Amino acid sequence: MSRDRRIEMRNNKPKKLIFENIGRLGLLAGLIFSLFLTCVAQGPSLPSAGEAVAKIEEYMTAAERIDRFNGVILVARDGKPIVSRGYGMANFEWEIPNSPKTAFRLGSITKPFTAVAIMLLQERGKLNVSDHVCKYVANCPTAWEAITIRHLLTHTSGIPNYTAFPGFIEKRGMMPISTNELFAEYRSRPLDFPPGDRNSYSNSGYHLLGLVIEKASGKSYSDFLRENIFLPLGMKQSGYDSHRDLIKWRAAGYRREDDSYVNAPFMDMLIPYSAGALYSTTGDLLIFDQALLGDRLLSQRSRDEMFTPFKNNYALGWGVGKRFDRGATSHGGAINGFASQFMRFPDENVTIVVLSNVQGSGVDKVANALAAIMFGAKYDLPRERKAIAVASSLLDNYTGEYQLLPTTVAVITNEGGKLFFKIDGQPKLELFAETETDFFMKAVDAQVTFVKDEAGKVVRMQFRQGSGSGIPAPKIK
């Protein structure tokens with residue numbers, strides 16, 4: 001079996017933007033954002049299929065022209081696509097366009113598949129989600145004795161997230177590493193909090209679930225998913241990604257540098273492993289989506305358990321909540337060169353899939369707009385952002401360090417009259433002024449607003465990515 005896998009760097013954290021890349025790994029390819037957006041009021045009536053298609057085409061034309069969306073979208077109702085289309089290039093160097101058959105790395109959308117694998121093993125009596133993880137893991141730290149498989153599935157284990165370790169991606173992202181070596185990276189660290197105490201996105205927990213699956217099934221993680229999910233469902237363009245394998249119609253991964261594209265940094269897929277190493281197509285994800293509406297893959301009891309949220313609207317491998325006054329389940333993903341969003345409305349049988357081969361793309365914003373169109377809700381068309389000149393002396397007021405997340409500091413610098421944004425493990429990105437306090441990035445769909453107190457002193461910044469409401473980041477230095 002092939003063990004050459006690596007992990008995404010960007011965190012999918014419910015209701016929060018995170019960098020990780022796992023995705024949540026490339027900047028803001030690493031900026032991982034929320035699995036769940038705020039609910040938008042439902043419109044008075046639902047558009048017909050023809051009306052929805054016309055509005056989707058209008059929106060995507062603007063998204064491609066203004067936001068330079070590059071990828072594939074799928075919008076389906078009752079299991080049938082009403083729009084399935086590619087935009088931009090699967091490979092810029094060979095000028096190969098994206099199409100519905102293009103295969104993309106999924107990043108954290110791997111997690112729902114890992115959760116399904118766990119539920120399958122529970123149905124077969126090979127494990128129970130209430131089992132303590134130490135039952136399946138050798139050399140289990142004493143501090144882990146209270147951690148259950150459920151804690152891993154719901155990001156409530158307290159195991160620190162290895163993709164957030166300072167310098168980890170830069171040091172290990174391109175180097176071969178075994179699952180046991182990666183396990184050693186986080187097993188020796190103290191827990192961030194007592195198991196079950198709170199929800200904190202952890203790729204380490206989902207990496208550990210891959211080891212649990214292998215121990216309980218007697219098969220490699222990739223083989224188990226292929227034999228028990230992909231082949232039975234007929235997902236012919238899905239699997240465990242590897243730089244060695246020949247994968248038909250695989251997209252190349254990119255990131256933006258201002259107005260141009262560059263190849264994304266290499267990442268060995270053993271790093272993301274069961275937290276982010278899968279690839280698929282929009283069509284295959286629709287097959288997966290439809291299988292979860294009935295008993296073809298899991299029993300009703302298992303599905304009920306899997307989609308019951310625990311803390312922070314996160315269930316077993318899925319974000320669960322409401323959008324547009326409708327029940328929704330979703331997950332996003334980000335990894336070097338790729339961004340993804342998978343949104344499901346089971347009661348209406350509406351499915352939205354957005355896959356991009358440009359890291360940091362605003363896939364959540366696109367998916368949310370497409371869903372709004374399907375439900376007759378309000379949405380905004382992409383708009384042009386125009387940069388203005390701002391005096392370097394004014395930019396000096398914004399320089400410093402900002403506490404973006406509990407373990408993430410954003411550094412703002414003024415370099416020759418240009419403002420830059422940087423977090424550890426991510427590329428430095430230029431900020432362009434839209435007003436004297438509002439700035440935007442060209443490389444990713446993100447904005448920053450600097451907030452002053454009554455005395456005119458900058459006290460925090462508000463960071464937003466895609467359609468998220470934003471993260472307040474106090475100035476700490």
Side-chain angles (χ1 to χ4, degrees), residues 17 28 31 33-34 36-77 81-89 97-98 256 258-259 282 323-326 328 330 332 339-343 345 348 350-358 360-388 431-435 438-449 462-470:
L17 285 168
L28 300 178
L31 263 180
F33 57 91
S34 91
F36 254 9
L37 305 177
T38 55
C39 177
V40 180
Q42 179 180 344
S45 61
L46 300 185
S48 67
E51 291 171 334
V53 169
K55 290 183 177 181
I56 289 170
E57 290 180 348
E58 176 191 35
Y59 181 88
M60 293 307 304
T61 296
E64 184 178 30
R65 180 178 63 85
I66 297 172
D67 292 339
R68 297 163 65 195
F69 175 76
N70 196 90
V72 177
I73 68 164
L74 179 143
V75 180
R77 179 182 285 161
I82 66 169
V83 176
S84 178
R85 182 178 167 186
Y87 299 83
M89 296 291 166
N98 275 314
R256 291 194 186 107
D258 295 333
D259 292 324
T282 54
R323 301 189 194 201
F324 312 109
D325 289 337
R326 292 167 168 83
S330 67
S340 54
Q341 184 60 240
F342 185 17
M343 193 182 299
F345 297 87
E348 291 78 16
V350 169
T351 311
I352 312 288
V353 183
V354 181
L355 304 179
S356 174
N357 55 322
V358 178
S361 292
V363 290
D364 64 322
K365 181 171 73 174
V366 173
N368 202 56
L370 298 180
I373 290 171
M374 292 298 291
F375 296 123
K378 182 181 177 181
Y379 63 97
D380 296 319
L381 286 172
R383 67 179 181 88
E384 298 273 9
R385 293 185 181 274
K386 300 200 174 179
I388 64 171
L431 291 170
F432 297 86
E434 194 168 24
T435 70
D438 299 307
F439 292 75
F440 65 96
M441 302 176 190
K442 293 182 178 180
V444 297
D445 181 21
Q447 299 85 45
V448 168
T449 296
Q462 188 79 8
F463 176 84
R464 298 179 304 284
Q465 185 182 11
S467 58
S469 59

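All figures in this text were calculated on a predicted structure; none of them were measured in a lab.
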Separation between [atom1] of [X] and [atom2] of [Y], rounded to the nearest 0.5 Å:
| X | Y | atom1 | atom2 | answer |
| --- | --- | --- | --- | --- |
| Met343 | Asp364 | CE | CG | 8.0 Å |
| Thr449 | Arg464 | OG1 | CZ | 4.0 Å |
| Gln462 | Gln447 | CD | CD | 11.0 Å |

Side-chain ([X]) to main-chain ([Y]) donor-acceptor, under 3.5 angstrom:
| X | Y | result |
| --- | --- | --- |
| Asn357 | Met89 | yes |
| Asn98 | Tyr87 | yes |
| Ser356 | Asn70 | yes |

Could you check whether any side-chain heavy atom of [X] comes within less than 4.5 Å of a side-chain heavy atom of [Y], counting everything from C-beta outward?
| X | Y | result |
| --- | --- | --- |
| Phe324 | Asn368 | yes |
| Arg65 | Glu384 | yes |
| Phe342 | Thr351 | yes |
| Arg256 | Val358 | yes |

Restricting to non-hydrogen atoms, name the atom on [X] and the atom on [Y] that form the minimum distance, rounded to 0.1 Å.
| X | Y | answer |
| --- | --- | --- |
| Val448 | Met441 | CG2-CE, 4.5 Å |
| Pro47 | Phe375 | CD-C, 4.3 Å |
| Ala52 | Met374 | CB-SD, 4.0 Å |
| Asp67 | Pro382 | OD2-CB, 3.4 Å |
| Ala328 | Phe345 | CB-CE2, 3.7 Å |
| Leu46 | Gly376 | CD2-N, 4.4 Å |

Just jot down the side chain to side chain donor-acceptor pair (under 3.5 Å) partners of Arg385, sequence neighbours excluded, or say none.
->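 With sequence neighbours excluded, Arg385 shows a side chain to side chain donor-acceptor pair (under 3.5 Å) to Glu434, given in chain and number order.
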For a salt bridge (charged side-chain N to carboxylate O under 4.0 Å, His left out) with Glu348, tell me which candidate from Arg323, Arg77, Arg326 qualifies.
->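 The option that passes is Arg326.
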Taking distance alone, no hydrogens or angles, what donor-acceptor pairs closer than 3.5 Å link side-chain atoms of residues 53-62 to residues at least two apart or in another chain?
from	atom 1	to	atom 2	distance (Å)
Thr61	OG1	Glu57	O	2.7

